[in-house]
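Beneath this line is the structure, given in structure tokens, with notes to follow.
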Protein chains: 2
Amino acid sequence: MRPVTVYDIAREANVSVATVSRVLNNTAPVKKETRDRIVALMNKHQFQPNALARSLTRKETGMIGFILPDITNPFFPEVLSGFDSEARRLGYTYFLCDTISTNEENQRLYDRQYERESQYLGLLMEKQVDGIVMIGGRVDLAKPDPELAREVEELAKRVPIVLLNGSLPKTKLNRVSADQKLGAQLAVQHLIGLGHRDIALIGGYAKMSNTQQRLSGFRSAMKDAGLAVRREWTLTEGFSVEKGQEFAARLLNMKRRPTAMFCLNDLLAIGALKAAHRAGIAVPEELSIVGYDDIPQATYSIPELTTVSLKSQEIGRQAAKTLDKMIAGKKVPALQSIVPELIVRETTAPPPDVPGA
Amino acid sequence: MRPVTVYDIAREANVSVATVSRVLNNTAPVKKETRDRIVALMNKHQFQPNALARSLTRKETGMIGFILPDITNPFFPEVLSGFDSEARRLGYTYFLCDTISTNEENQRLYDRQYERESQYLGLLMEKQVDGIVMIGGRVDLAKPDPELAREVEELAKRVPIVLLNGSLPKTKLNRVSADQKLGAQLAVQHLIGLGHRDIALIGGYAKMSNTQQRLSGFRSAMKDAGLAVRREWTLTEGFSVEKGQEFAARLLNMKRRPTAMFCLNDLLAIGALKAAHRAGIAVPEELSIVGYDDIPQATYSIPELTTVSLKSQEIGRQAAKTLDKMIAGKKVPALQSIVPELIVRETTAPPPDVPGA
DNA sequence: AGCCAGAATGAAACCTGTTTCATGAAAACA
DNA sequence: TGTTTTCATGAAACAGGTTTCATTCTGGCT
């Protein structure tokens, strides 16, 4: 059966479609009697306006595109969850665009990620979304991908875009970001405060801006405390549990080994925990570990992870609010900084050779 | 600047919009010379067809709605990830509809979940999606919500709907589901095979069909082995780490305690692991634990979790394929059963009093 | 009674594509 | 050479709403 339209309602109510539209949107006064008649018919036929047609003239769709690299990375569902509730409250629906897909054997394919970002951008424009939020991927590269930068900058003239936790340097795009450097400082200062002097850093990707910022926070905290950063204790390239385990194991095998490890995300920290366990090293008594991101899994481990919370939900929430303002044509600050918070749990303690605090 | 339309292209190319549409869709022969001219203009102006207008006439949008209860529950990103890659391959984009939102304090709100399901259903219809997939929530209730059942059944006449891992009993809706009973049997048989006779079951929600099915698998496996299920060892109502920890702790405090625990999901199992650790009970030497779902976090724990994989990605992937077929008007089997797989890792071993296998 | 503001409503244009139907031109056939 | 196909294209209708502009009908005011 053909869905019922405003024309059907109008005919049956003996009015013009204009009037039906008016009661639908409350956009002009309609005589109570007429309105009641129309509303009754709408209910009777369970009339639902066709959003496509409506959006076509209104030039607004209430749709947003959310581009992220990998929904199975537990950091993103947190951000998304905050975004989701705020977006819904504001009346938006959103397309989820994951740039990392899996093949039939369920292996993740990273190779075409960047290509996909561009594809999605185009697709979202065709779908006439009211706004776009991007997180991760090329947005998070320290040295900007000039191609994406140009593309996104061009697009930003036509549709509001907000970048999350990334910068796309050299462009003037709106973004909401956790202060990643500060987060790293908090973590490292905590370690130093406990008496640690031999602190290793593991994980991250040198090319990514989040890594560089966290690294810079690490360095500055070390420097402020007059501590040296040992090159052989800085193991990068990786963000997974496996890598964390591998790096930590390598560190623990060194003749001189650190008393604390600062891991650039929680997954790495969980890996480090496993490595310590394998090596028979007690955490936190013999080794302190701090993670980054505060994903829910940080409390699942034994012992529970000390980590720095990026307020992921808050970031998502702000993204929605900001986008909404931009869509409404209001001005928004170019950068909204979310201040991270150190969450002290069970994986940190004074180093073995120092008397307890 | 106003986006360029087929009219702009047509005017500049000195042809009618019909011809432009033809080269756009390759729907009828166009003289090579004309085509080239039009294509050139499209590139020059970076013409992108307005998907709204197109969908309005075509009566297909390439959009799907995906309704799930909580994206931060790590089971769902797995399903979604499989769905995502298949959907993309087939040319669909999808709206993510999370029915559990968070408030400003980032606490999850479960109270309005069911109401939201209905709202989303309506919203998706207005947006003219080509299909809908639902997982969790009321779909997963053992005793069907008659209201939702009616609603969804009615909707299913107008748009393809597939239910994931749930049934909405008494209705004839298409669904793809893991064989949850079988999964439970596999898990319990594994335990029994190792020599366990004192097996507890923790977690789940009595009202949910997944729980009932898993429970039934548990019972049938026990019965087949001539083992009694002890009422005081069956602790339900909950699916979280916290609940798992609480239940396990309670079990471990009993004068007579089980040698193995079958947890209705991995989160519970992780909680059980923590409880055992707190109580100083070694896993798997003194206590075996098996989980359910095989979420990625199952390998993060120490020791790594023995669990049953529901092939979550596969479920998502099948959902997309099935929906695509339904949209194309092809017939699909009413139920597609995904067979689960037992993943033996490190949390199971023979019970302490029995000589090793 | 005459005039005017505002309320209530309809006709028609518009948004941006797709699709049907008709027509002229070129190609194929007899 | 005349006729039938096939090719190439345009005009117009259509999808389902919104919005502008014009018109009719009131009630209030002088």
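Remember, predicted model here, so these are calculated numbers, not experimental data. Throughout, a chain's letter reflects where its sequence line sits, starting with A, and its residues are numbered from 1.
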Protein heavy-atom contacts under 4.0 Å, written 5' to 3' over nucleotides 11-18 of chain D as B (base), S (sugar-phosphate only) or - (none), form the string B--BBBBS
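- One can place CZ of B/R11 at 16 Å from C1' of D/dG10, the figure rounded to the nearest angstrom.
- Looking at B/K44 and B/E12, a side-chain N of the basic residue comes within less than 4.0 Å of a carboxylate O on the acidic one, giving a salt bridge.
- Among the atoms of the strands shown, none is found under 4.0 Å from any heavy atom of B/D8.
- Salt bridge status for A/E86 with A/R89: present, with a side-chain N to carboxylate O gap under 4.0 Å.
- Side-chain N/O atoms of B/S118 and B/E151 include a donor and acceptor closer than 3.5 Å.
- No salt bridge links B/K321 with B/D324; every basic N to acidic carboxylate O contact stays at or beyond 4.0 Å.
- The closest donor-acceptor contact from the side chain of B/Q318 to the backbone of B/V176 lies at 3.5 Å or more, if one exists at all.
- The separation between B/R37 atom CZ and D/dA8 atom P is 14 Å, rounded to whole Å.
- Rounded to an integer number of Å, the gap from CE of A/M125 to C1' of C/dT16 is 15 Å.
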Contact string for nucleotides 22-28 of chain D, one letter per nucleotide 5' to 3', B = base within protein heavy-atom range under 4.0 Å, S = sugar-phosphate only, - = neither, reads -------
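- Rounded to whole Å, atom C1' of C/dC15 lies 14 Å from atom CD of A/E60.
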Could you run down the sub-3.5 Å N/O contacts of the protein with nucleotides 26-28 of chain C?
none

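- Atom CG of residue A/L24 and atom OG1 of residue A/T19 lie 12.0 Å apart, to the nearest 0.5 angstrom.
- With hydrogens and angles disregarded, no donor-acceptor distance shorter than 3.5 Å links the side chain of A/D70 to the backbone of A/I100.
- Between A/K127 atom NZ and C/dG17 atom P there is a gap of 14 Å when expressed in whole angstrom units.
- Distance NZ (B/K32) to P (D/dC7): 18 Å, rounded to an integer number of Å.
- Screening A/F76, A/Y92, A/F66 for a ring pair (Phe, Tyr, Trp, His ring centres under 6.0 Å) with A/F83, the sole residue that qualifies is A/F66.
- Residue-level contact check: B/T34 touches the backbone only, with heavy atoms under 4.0 Å from sugar-phosphate atoms and none from bases.
- From A/T99, atom OG1 reaches atom CD1 of A/I135 across 11.0 Å, with rounding to the nearest 0.5 Å.
- You'll find the ring centres of B/F95 and A/F95 inside the 6.0 Å limit.
- If you check the side chains of A/S55 and A/Q128, you find no donor sitting under 3.5 Å from an acceptor.
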